[in-house]
Amino acid sequence: MPPRVRIAPSPTGDPHVGTAYIALFNYVFARKYGGRFILRIEDTDRERSTSSSEDAIIEALRWLGFEWEEGPDVGGPHGPYRQSERLDIYRGHIARLMEGGHAYRCFCTRERLDALRKEQLAAKADHLGYDGHCRGLDPAASAERAKAGEAHVVRLRIPDKEEGTTVFFDDLRGKEVEIANRQIDDQVLFKSDGFPTYHLANVVDDHLMGITHVIRGEEWITSTPKHVLLYRAFGWEPPRFIHLGLLRNADRSKLSKRKNPVSIFHYRDLGYLPETLINFLGTLGFSLGDDRERFTVDEMITHFDWSRVSAGGPVFDAAKLDSFNAADIRALTVDELYLKVMDRVLSPERLKGLLVHAKERIDRLDDVIPYISFAFGAEVDYGPVLAKVRLKKRTRAEVIAILKDYAQEIEKDPGARTFEPDALEAFSRGFCESRGWKAREVFTLLRIGVTGRTATPSLFDTMALCGKDRCRLRLRHLISVLEGEADW
RNA sequence: GGCCCCAUGGUCUAGCGGUUAGGACGUUGGCCUCUCACGCCGAAAUCCCGGGUUCAAUUCCCGGUGGGGUCACCA
């Protein structure tokens, strides 16, 4: 039976390189054995999921060259492929679980849960988790309360808590992973907002979509027993499980936005070649078995085997990616390079967007290039303008703090996230006000940080022109430069 | 902290009982050269520790240590 695998990203932000990494191994595995590669959008978090993020994921994955046989955009026989459109399915399944006694309603309030957690923390409890308060509720009575409109969630009833143990086989590690049932929480399967949690939706969908191999990040390994128990409760055969090592920061923690550019768009917009990025990702954890490390996806497919994949989490070494990319650019003919540059860097849309601002400020046509140059390239040189960030009434520490604060907040504000000039301005003015800084002060810092210049088009046009990822990169660079400076 | 996973130079990896432990990035010395880059030649740097098993362990087993993940009405 040919495998069916899926990549199931959550549309809650910029498309992540970790998603690309997991997608790559799923994709290669599917192709190797003539299987199907499926895209499923896991948008059960109503708070954070956005359709723009879903669009971005699809755009990013396509840019990298992935093609899926089934997905929200291409359809397929097991749709819908967007979990928010499968609510009825989950409702039916949760009812089935409750009927079988495998799940129960829980009416505990947030307050009680918070208090419980605090208590467990204070008592230095070995295992934090739900205490089973509602476990013994009479099903009929609980149904009544639910009917009366009382807020509740539905939890999985982990069987045999005292003695039981749940085991699954991990194909990458080539061994069984065993976890005591007492370590497993009575997970919430259905939230009080009427949406399923990951655990329920994921298991139900994987089964209904005929997924044969679940290839995902290692962060899921400890919750796999929950999933196994769910399959069992439904009377289903679980798929095979493969947990890939997590991509790491240089300090070996899980790859994070704070410490690394993680958006796929960052790599696209700064001009990494998609096949190069893929090749680089492929070398993290996989090898052809010889000295070659420059290979295509097709070569990866022909040599692929789980025994060729390592289970440790690799550090994402941007310097090595750079060397790969530089070598691949060198290998291009001038004509090929020209086409890529015109397509990506100097596309008519992008160029015109810049010319709108340049035309008011240049004396000669030839000046256009130096004028718009702020919108290109990675980091900028702050040498000539560094003195300008020495704000009269602020210490260096304050300047660093406000820049970090801004860089962080821009990720959270729904308006700012879009990186549209108007939304950015609204956000930025609000930011200044709430922090008690003059807009003038902050805007100066941002202008310098983003462009290395003191004179640019309107700050928010400038930022939009540079793009979110470039702004983020340069702001972070400025911060690190300042951190290395003496105080003023 | 409990549980789980992982462990070859700084980083990514090859190795699958006997090798001068191979390659790549990075670092570094030199050559090439008007500069830089490329290219070429060279160097430093690794089997986490301790027990076993074995004639022989980087390799197999156990323990320790270290790193990571996870303990949400987020995925």
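Naming: A, B, ... by sequence-line order, numbering from 1 per chain.
- Base pairing annotation: A43(B) forms a Watson-Crick or G-U wobble pair with U27(B), both donor-acceptor distances under 3.5 Å.
- The side chain of Ser323(A) lies closest to C25(B), out of A24(B), C12(B), C25(B).
- With C12(B), C71(B), C73(B) as the candidates, the nucleotide lying closest to the side chain of Pro314(A) is C12(B).
- Donor-acceptor pairing under 3.5 Å, judged by distance alone, is absent between the side chain of Thr222(A) and the base of C71(B).
- Backbone-only engagement by Arg117(A) is indicated by non-hydrogen atom pairs under 4.0 Å involving sugar-phosphate atoms exclusively.
- For the pair Arg252(A) and C12(B), the criterion of a side-chain N or O lying under 4.0 Å from OP1 or OP2 is met.
- Side-chain atoms of Arg86(A) and Thr44(A) form no donor-acceptor pair, as typed in the model, at a separation below 3.5 Å.
- Salt-bridge formation is not detected for the pair Asp14(A)/Lys257(A): no Lys NZ or Arg NE/NH1/NH2 atom is positioned less than 4.0 Å from an Asp or Glu carboxylate oxygen.
- At the phosphate of G67(B), neither OP1 nor OP2 sits under 4.0 Å from any side-chain N or O atom of Lys254(A).
- A residue-by-residue look at Ala180(A) and Lys226(A) shows that Ala180(A) has its nearest nucleotide of RNA chain B further toward the 5' end.
- Within the nucleic acid shown, Arg48(A) comes within 4.0 Å of at least one base atom, counting heavy atoms only.
- As judged by a 4.0 angstrom heavy-atom cut-off over every strand, Asp45(A) is placed among residues touching the sugar-phosphate backbone only.
- Taking atom P on both nucleotides, G9(B) is separated from U46(B) by 9 Å, rounded to a whole Å.
- Rounding to the nearest 0.5 Å gives a distance of 8.0 Å between CD of Glu293(A) and CG of Asn279(A).
- Using a 4.0 Å heavy-atom cutoff across all strands shown, Ser307(A) reaches no nucleic acid atom at all.
- Using a 4.0 Å heavy-atom distance criterion, Arg173(A) is classed as a sugar-phosphate-only contact.
- Checking each of Phe29(A), Trp306(A), Phe169(A) against His213(A) for a ring-ring contact (aromatic ring centres under 6.0 Å, His included) leaves exactly one that passes, namely Phe29(A).
- Under the Watson-Crick or G-U wobble criterion, with both distances below 3.5 Å, U70(B) is paired with G2(B).
- If you check every strand for non-hydrogen atoms under 4.0 Å, Val153(A) touches a base.
- For C6(B), the OP1/OP2 oxygens have no side-chain nitrogen or oxygen of Arg248(A) closer than 4.0 Å.
- Checking side-chain atoms of Ser142(A) against main-chain N and O of Arg105(A) turns up no donor-acceptor pair under 3.5 Å.
- Regarding Glu47(A), its CD atom lies at a distance of 18 Å from the P atom of A72(B), rounded to whole Å.
- Using a 4.0 Å cut-off between charged nitrogen and carboxylate oxygen, Asp298(A) and Arg31(A) do not count as a salt-bridge pair.
- The interatomic distance linking Arg105(A) (CZ) with C73(B) (P) rounds to 18 Å, in whole Å.
- Residue Ser310(A) places at least one side-chain N or O under 4.0 Å from the OP1 or OP2 atom of U13(B).
- Considering only side-chain atoms of Ile179(A), the nucleotide from C73(B), A72(B), C3(B) that sits closest is C3(B).
- Residue-level contact check: Ser223(A) touches neither bases nor backbone, having no heavy atom under 4.0 Å from any strand.
- The nucleotide U19(B) finds no pairing partner, because no Watson-Crick or G-U wobble arrangement with both distances shorter than 3.5 Å includes it.
- Dashed line: the shortest gap from a side-chain N or O of Lys191(A) to OP1 or OP2 of A72(B) is not under 4.0 Å.
- If you check every strand for non-hydrogen atoms under 4.0 Å, Gly289(A) touches sugar and phosphate atoms only.
- Side-chain atoms of Arg110(A) lie closest to C73(B) of the nucleotides C5(B), G10(B), C73(B).
- Atom name C1', nucleotides C12(B) and U27(B): the rounded distance is 16 Å, in whole Å.
- In this structure, the CD atom of Glu219(A) is 15 Å from the C1' atom of A72(B), given to the nearest Å.
- Asp305(A) and Arg308(A) are not joined by a salt bridge, as no carboxylate oxygen comes within less than 4.0 angstrom of a charged side-chain nitrogen.
- Going from the P atom of G51(B) to that of G23(B) covers 32 Å, rounded to whole Å.
- Heavy atoms of Gly285(A) sit under 4.0 angstrom from primed sugar atoms or phosphate atoms, though from no base atom.
- Arg155(A) comes within 4.0 angstrom of sugar-phosphate atoms only, judged by non-hydrogen atoms across all strands, and of no base.
- Residue contacts for Ser192(A): at a heavy-atom cut-off of 4.0 Å it reaches a base atom on one of the strands shown.
- Atom pair Leu321(A):CG and G26(B):C1' shows a separation of 14 Å (rounding to whole Å applied).
- Separation of the P atoms belonging to C60(B) and G2(B) is 28 Å when rounded to the nearest angstrom.
- The same atom, C1', is picked in C47(B) and in G42(B); the two are 24 Å apart, to the nearest Å.
- In this structure, Arg46(A) reaches neither bases nor backbone, as no heavy-atom distance under 4.0 Å exists between it and the strands shown.
- Among G23(B), G39(B), U13(B), the nucleotide with an atom closest to any side-chain atom of Lys320(A) is G23(B).
- Remark: the separation of the P atoms in C38(B) and A44(B) is 23 Å, to the nearest Å.
- Going from atom CG of Leu172(A) over to atom C1' of C4(B) covers 15 Å, rounded to whole Å.
- Among the nucleotides A72(B), A75(B), G2(B), the one closest to the side chain of Trp220(A) is A75(B).
- Residue Glu42(A) is in sugar-phosphate contact alone, with no base atom involved, counting any heavy-atom pair closer than 4.0 Å across all strands shown.
- Out of A75(B), G69(B), C3(B), the shortest distance to the side chain of Leu246(A) is found at G69(B).
- A salt bridge does not link Arg344(A) with Asp269(A): none of the charged nitrogens is closer than 4.0 Å to a carboxylate oxygen.
- Whole-Å rounding puts the Lys257(A) NZ to C74(B) C1' distance at 13 Å.
- Distances shown here put every side-chain N or O of Ser253(A) at or beyond 4.0 Å from the OP1 or OP2 atom of G67(B).
- With both ends at atom P, the span from C40(B) to C25(B) equals 10 Å, rounded to whole Å.
- Gly129(A) comes within contact range of no nucleotide atom at all, as no heavy-atom separation falls under 4.0 Å.
- Each of Lys161(A), Arg157(A), Arg155(A) was scored for a salt bridge (Lys or Arg N to Asp or Glu O under 4.0 Å) with Asp186(A), with one residue passing: Lys161(A).
- A salt bridge is defined here as a Lys NZ or Arg NE, NH1 or NH2 lying under 4.0 Å from an Asp or Glu carboxylate O, and Arg476(A) with Glu483(A) fails to meet this definition.
- Between C48(B) and C6(B), the distance separating the two P atoms is 15 Å to the nearest Å.
- One atom, CZ of Phe190(A), and another, C1' of A72(B), lie 17 Å apart when rounded to the nearest Å.
- Between Arg292(A) and the phosphate of U13(B), there is no side-chain N or O to OP1/OP2 separation shorter than 4.0 Å.
- Between the P atom of C4(B) and the CD1 atom of Ile221(A) lies a distance of 11 Å, rounded to the nearest Å.
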